[in-house]
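Computed over heavy atoms, backbone and side chain alike; hydrogens, waters and symmetry mates excluded.
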Amino acid sequence: MPELPEVETTLRGIEPYLLEQKITRIVVREKRLRWPVSSELLSLTNQTVSALNRRAKYLLLSLGRQQTEHIIIHLGMSGSLRIVDNNSELKKHDHIDFHLSCNKIMRYHDPRRFGAVLWTDKAISDHILINALGPEPLSNAFHGAHLFKASRKRKVAVKNFIMDGHIVVGVGNIYASEALFLSGIRPGKAAGRVTAKQYEDLAAAIKKVLGQAIKQGGTTLRDFVNSDGQPGYFQQTLNVYGRTDEPCRVCQSAIKCKVIGQRSTFYCTRCQQ
DNA sequence: ATCGCCTCCTGCGCGC
DNA sequence: TGCGCGCAGGAGGCGA
């Protein structure tokens, strides 16, 4: 379940192998991802990767000197990218190979096929999936006042609110529960009823959990190539996620699980009001 | 505009 | 041991 930290870790892991390298050939074994893999992508050959970036959970590979073409990759629920040797044995769900001029392959693997590999020749910032996104959670553009302002009169649960990519990107189900615990806010509370002070705390908590997870992901980068190992962010101590009926680490009362917005949500009934 | 529900898909854990 | 079932989850899409 790649959350933002794993996407960032993936970017750092693949960058040394892709930057200023050519994609010599793309082999697609399974086109049926979230959206069908386009024929334009199929026909890409001998394009130099001139930049790699991340926006939200999208990985962006820019091609050519002018960067007029881009490959957009989303890992969905179960996607991963690995750098493998070109004689590496194929595993089930290895859907796309990007052959590189360094003689290695960047291999896209995705059992559930919720992910996407897209091609565009428009400016990335104009792309329909990108152009309406909220700020990056670790950037200066993201802060409590932003959340407070955007949430006035909103009735949606604050947990759904912070998971909405138009408000802030990259807050997945695990870290939404964790950040709300750290800031002492009930996940089901209407976003418009959360105070400015609470949003200050919440923004800080989001930065903290995501920043910490990225840092831990970075420590396992050495295992990235040719490895199926779990990313390091799983080592992060979870305070509430998946801890139904276990004692709160602060007050010992039982952690509760409730479905909010079709998603399991975990919180402490005493610490979060 | 906003909200909430539905959908895509496979692997896994559970009960029997 | 094996089967069938239900659930998990990112996020776009859609109907109300």
(message) Is the phosphate of C:dG10 approached by A:H74 (side-chain N or O, under 4.0 Å from OP1 or OP2)?
(response) no
(request) Under a 3.5 Å limit for both distances, which nucleotide forms a Watson-Crick or G-U wobble pair with B:dG4, could you say? (result) C:dC14
(message) In this structure, how many angstroms lie between the C1' atom of C:dG10 and the CG atom of A:N173, rounded?
(response) 10 Å
(request) Would you indicate what A:Y58 reaches in the nucleic acid, counting non-hydrogen atoms under 4.0 angstrom: base, sugar-phosphate, or nothing? (result) sugar-phosphate
(request) Provide, to the nearest angstrom, the distance between the CD1 atom belonging to A:I167 and the C1' atom belonging to C:dG10. (result) 17 Å
(message) side-chain hydrogen bond (donor to acceptor under 3.5 Å, both in side chains) for A:K258 and A:T265? Distances and angles first, verdict last.
(response) CA-CA 5 Å; A:K258 185 179 176 183; A:T265 306; over 6 Å; no
(message) Measuring to OP1 and OP2 of B:dC3, would you say a side-chain N or O of A:K155 lies under 4.0 angstrom away?
(response) no
(request) Report, as yes or no, whether the 6.0 Å neighbourhood of atom NZ on A:K207 holds more than 12 heavy atoms from other residues, nucleotides or ligands. (result) yes
(request) Output the single nucleotide from C:dA11, B:dT10, B:dC8 whose closest atom is nearest the side chain of A:R113. (result) B:dT10
(request) Kindly point out which of C:dG12, B:dT10, C:dG10 is positioned nearest to the side chain of A:P111? (result) B:dT10
(request) Return no unless some side-chain N or O of A:H93 is found under 4.0 Å from OP1 or OP2 of B:dC9. (result) no
(message) When you compare the side chains of A:S78 and A:D110, does any donor N or O come within less than 3.5 Å of an acceptor on the partner?
(response) yes
(message) Under a 3.5 Å threshold, yes or no: a donor from one side chain and an acceptor from the other, between A:S62 and A:H70?
(response) yes
(request) Send over the distance from A:W35 CH2 to C:dA11 P, rounded to a whole Å. (result) 10 Å
(request) Please tell me which of A:K92 and A:R34 maps to the more 5' nucleotide of DNA chain B, matching each residue to the nucleotide holding its nearest heavy atom. (result) A:R34
(request) Look at the side chain of A:R112 and the base of C:dG10, then say whether one donor and one acceptor between them are separated by less than 3.5 Å. (result) no
(request) Using a 4.0 Å heavy-atom cut-off across all strands, classify A:R154 as base, sugar-phosphate, or nothing. (result) sugar-phosphate
(message) What is the distance, to the nearest angstrom, from the NZ atom on A:K57 to the C1' atom on C:dA11?
(response) 9 Å
(message) Taking the basic N atoms (NZ, or NE/NH1/NH2) and the acidic carboxylate oxygens, is any pair closer than 4.0 Å for A:E136 and A:R54?
(response) yes
(message) Would you say the base of C:dG10 stacks on A:F114 (centre-to-centre below 5.5 Å, plane angle below 30°)?
(response) yes
(message) Distance check needed: B:dT2 P versus A:N160 CG, whole Å only.
(response) 14 Å
(message) Output the rounded distance in Å from CG (A:L118) to C1' (C:dG10).
(response) 14 Å
(request) Round to the nearest Å and state the distance from A:R54 atom CZ to C:dG10 atom C1'. (result) 15 Å
(message) By the 4.0 Å heavy-atom rule, please label A:L129 as base, sugar-phosphate, or nothing.
(response) sugar-phosphate
(message) For a quick test of reading the model: is some side-chain N or O of A:S264 closer than 4.0 Å to OP1 or OP2 of C:dC7?
(response) no
(request) Write down the distance between CG (A:D110) and P (C:dG10), rounded to a whole number of angstrom. (result) 13 Å
(request) Using the six-membered ring wherever Trp is involved, compare the ring planes of A:H95 and A:Y108 and label them parallel, tilted or perpendicular (cut-offs 30° and 60°). (result) tilted
